[in-house]
Every structure is written in C-alpha cells, then in structure tokens.
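What you see below is based on every heavy atom in this structure, not just the backbone, and it leaves out hydrogens, waters and symmetry mates.
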Amino acid sequence: MRPSDVRKPSAGGGGVQSLERAFSLLEHMADAGGEIGLSELAAAGGLPLPTIHRLMRTLVSCGYVRQQANRRYALGPRLIRLGEAAARPLATWARPQLARLVEETGETANMALLDGDEVVYVAQVPSRHSMRMFTEVGRRVLPHTTGVGKALLADLPEEQVRALLARTGMPASTERTITTPDAFVRALRTVRERGYAVDDNEQEIGVRCIAVRVPDSPTATAISISGPAGRVTEHSTERFAPILRAVAGDLSAALAGP
C-alpha cells in the first residue's frame with residue numbers, strides 16, 4: 001500500500017471514532033486484497049495494536065471479518081450481503097448514463113465493480129441492435145479476461161496486481177486470453193497510456209469491449225460498451241473511447257456531489 005493511500009479517521013464532525021476506525025480497517029483489508037495481518041493493519045492505519053485487536057475482535061464476532069488458521073484476518077461473508085444491497089441502488093442511479101452510452105455508441109453498456117479478486121457486473125443497458133451482447137447482472141468473472149477488469153486494475157501497484165493474479169490463476173476463456181502475469185502487466189501499461197482498456201475476443205470469440213474506470217469512485221468501478229467484433233472495430237474504438245471517458249467523468253462528478 002502506498003503512503004498516500006492511508007486513510008485516517010476524521011478528527012471532528014460529530015462522528016463516532018470507533019466506527020470510523022472499524023470502517024477504516026475494513027477498507028485497508030479491501031486494499032490489501034481481502035486478507036491482512038495485524039502488523040500490516042497497524043502500519044497502514046497508524047493505530048496501536050491493542051486498539052486494532054479490539055476492533056478486529058468485534059468485527060469477527062459480528063461476521064464482518066473472519067480469523068484464519070494462520071492468524072491473519074480476512075473479510076467476512078456478511079459483507080457480501082451489504083455489498084450486493086449497495087450495488088442495486090447504484091445500478092439504478094447509473095442507468096441513465098449507461099442509456100446515454102447506448103444512444104451515442106449503439107452498443108450494450110455495462111457497469112462493473114471490483115469485488116475482492118473478481119469483477120461483478122452490477123448494471124447493463126442493452127443495445128437496440130438485433131445482434132447484441134448480453135451479460136447477466138450479478139455475473140462474476142476474473143479480471144484478466146475482460147476490458148472492465150483491465151480498467152479496474154490498471155491504476156493498482158504492480159505488486160498488488162501480481163498478487164491478485166497469483167490468487168486467481170489465469171485460466172483461458174479463449175485462445176486470445178492473456179494467461180501470463182508479465183503479459184498482463186504489459187497490457188495494463190498500454191491501458192494507462194491510452195486511457196482505456198480493450199477486450200479483443202479475450203472473454204468470448206467474436207466480441208470486443210472497450211472500458212474505462214470511473215475516476216475517484218469510492219469503490220473501484222468501470223463502465224464499458226461491448227458488441228460484435230465486426231461493429232466494435234479498432235477504427236470505431238477511436239470514436240467510442242472519448243464518449244466512455246466523458247460519461248465516466250460525469251458519473252464521477254455525480255458521485256462527488258451532495
């Protein structure tokens with residue numbers, strides 16, 4: 001974790017300090033890939049070990065954290081319910097912007113979040129074409145196979161990306177899927193240079209996808225358009241990418257608003 005990523009509880013504003021600290025610890029765990037040790041939490045959060053131990057014991061008893069056999073802590077199953085419940089209104093709120101993407105590109109628009117080591121699709125507005133792409137809302141995929149996955153991972157430190165890939169493995173969905181960490185890290189460099197990610201027949205043969213991350217979103221979020229490779233060509237990508245970035249910027253501004 002980079003020093004700039006360290007979040008400290010607010011000093012005032014009428015908040016409950018123990019709650020602020022507990023949520024800060026959960027966010028540090030998420031940043032670390034969902035599993036972390038006490039000493040790592042102390043280094044990241046700047047809290048005394050006894051305080052962290054007390055807070056983690058409470059989170060474990062509530063089911064939001066679990067302690068593993070190796071004494072490290074992992075995010076607990078009760079968080080899944082909260083995350084899924086939070087994603088539903090987020091999808092409803094984002095739907096008009098996804099509809100705008102469909103209107104301006106003609107292709108299916110998607111929104112996806114990074115949930116642990118997986119990408120989960122939380123919203124979609126389908127294309128009006130008779131031949132169109134469809135991804136079930138709630139579907140989970142590994143990040144290395146998708147455009148949204150590349151967009152979500154592109155800004156992470158390389159060591160975090162490699163650690164994630166080591167945990168998930170890199171199985172091939174098609175013969176075009178990137179299946180080695182070195183090649184994937186190079187692909188993320190290209191994403192950063194271009195400002196958008198491409199899935200070129202890597203998740204499904206005959207399908208291309210263009211994706212961008214929503215900047216400054218509290219949870220890592222990406223939007224994309226997907227369609228048949230014959231329509232979402234390299235040439236059309238030059239037109240679609242600026243539209244995606246504009247919509248992502250508007251979503252970011254709305255998230256920052258009251």
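- Between K150 and A197, the shortest heavy-atom contact is CB-CB, 3.7 Å.
- In this structure, I225 is a member of the same hydrophobic cluster as V102, with clusters built from ILVMFWY side-chain heavy atoms closer than 4.5 Å.
- The main-chain N or O of E202 is found under 3.5 Å from a side-chain atom of T177 such that the two form a donor-acceptor pair.
- At least one side-chain heavy atom of E35 sits under 4.5 Å from a side-chain heavy atom of N70.
- Linking Ile, Leu, Val, Met, Phe, Trp and Tyr whenever their side-chain heavy atoms come within less than 4.5 Å puts L114 and Y121 in one cluster.
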Taking it one step at a time, do V247 and E104 satisfy side chain to side chain contact (heavy atoms under 4.5 Å, CB included)? CA-CA 11 Å; V247 172; E104 295 190 29; 5.6 Å; no
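- The closest side-chain heavy-atom distance from L244 to Y196 is not below 4.5 Å.
- Using modelled atom types, one finds no donor on one side chain facing an acceptor on the other under 3.5 Å when comparing T146 with D199.
- Atom CZ of R100 sits in a crowded spot, with more than 12 heavy atoms from other residues, nucleotides or ligands closer than 6.0 Å.
- For the pair E158/R189, a side-chain contact is recorded, criterion being any heavy-atom separation below 4.5 Å from C-beta on.
- Of all heavy-atom pairs spanning A109 and L98, the tightest one is CB-O, 3.4 Å.
- Side-chain atoms of L142 and M170, non-hydrogen and from C-beta on, never get closer than 4.5 Å to each other.
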Working note: R57 + V60, criterion side chain to side chain contact (heavy atoms under 4.5 Å, CB included); need CA distance, chi angles, decisive distance, verdict. CA-CA 5 Å; R57 194 166 60 238; V60 168; 5.7 Å; no
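- A distance of 4.0 Å separates OG1 of T174 from CD1 of I205, quoted to the nearest 0.5 Å.
- Once rounded to the nearest 0.5 Å, the distance linking CG of L251 with CD of Q97 reads 5.0 Å.
- Annotation: E234, atom CD; neighbour count of heavy atoms from other residues, nucleotides and ligands within 6.0 Å does not exceed 12.
- Distance alone, capped at 3.5 Å, places no donor-acceptor pair between the T221 side chain and the M111 backbone.
- Minimum interatomic distance between A248 and V214 (heavy atoms only, all atoms of both residues): O-CG1, 3.8 Å.
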Test side chain to side chain contact (heavy atoms under 4.5 Å, CB included) applied to M29 and I36, step by step: CA-CA 6 Å; M29 292 182 70; I36 199 168; 3.6 Å; yes
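- Between the side chain of R95 and the backbone N or O of A123, no donor-acceptor pair lies under 3.5 Å.
- Using a cut-off of 4.0 Å between Lys/Arg side-chain N and Asp/Glu carboxylate O, E238 and R194 are scored as not salt-bridged.
- Nearest heavy-atom pair across T145 and Q203 is OG1-OE1, 2.6 Å.
- Under a hydrophobic-cluster definition in which Ile, Leu, Val, Met, Phe, Trp and Tyr are linked whenever side-chain heavy atoms come within less than 4.5 Å, directly or via other members, L113 and V191 are assigned to different clusters.
- If you chain together hydrophobic residues whose side chains sit under 4.5 Å apart, L101 and V125 fall into the same group.
- Atoms NE2 and CG, on H144 and L165 in that order, are 8.0 Å from each other to the nearest 0.5 Å.
- With H53 contributing its side chain and P48 its backbone, the two residues share no donor-acceptor pair below 3.5 Å.
- V120 has its side chain out of reach of E118: every pair of non-hydrogen atoms, C-beta onward, lies at least 4.5 Å apart.
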Show, in sequence, the C-alpha distance, side-chain angles and deciding distance for R128 and E103, and conclude whether the salt bridge (charged side-chain N to carboxylate O under 4.0 Å, His left out) test is met. CA-CA 9 Å; R128 297 190 183 93; E103 184 69 27; 3.2 Å; yes
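- In this structure, E40 CD and I52 CD1 are separated by 11.0 Å, a value rounded to the nearest 0.5 Å.
- In this structure, L59 and Y73 have side chains that are not in contact, with every pair of non-hydrogen atoms separated by 4.5 Å or more.
- Looking only at side-chain heavy atoms (C-beta outward), N201 and R208 come within less than 4.5 Å of each other.
- Put simply, CZ on R213 and OG on S224 are 14.5 Å apart, with the number rounded to the nearest 0.5 Å.
- Under the 4.5 Å side-chain heavy-atom criterion for Ile, Leu, Val, Met, Phe, Trp and Tyr, L26 and L41 are members of the same hydrophobic cluster.
- Residues P181 and R162 share a closest heavy-atom pair of CB-NH1, 3.6 Å.
- Listed here is the closest heavy atom pair of L152 and A222: CD2-N, 3.7 Å.
- Side-chain contact between I210 and V232 is present, with heavy atoms from C-beta onward closer than 4.5 Å.
- Note: S236 OG to E107 CD = 7.5 Å, rounded to the nearest 0.5 Å.
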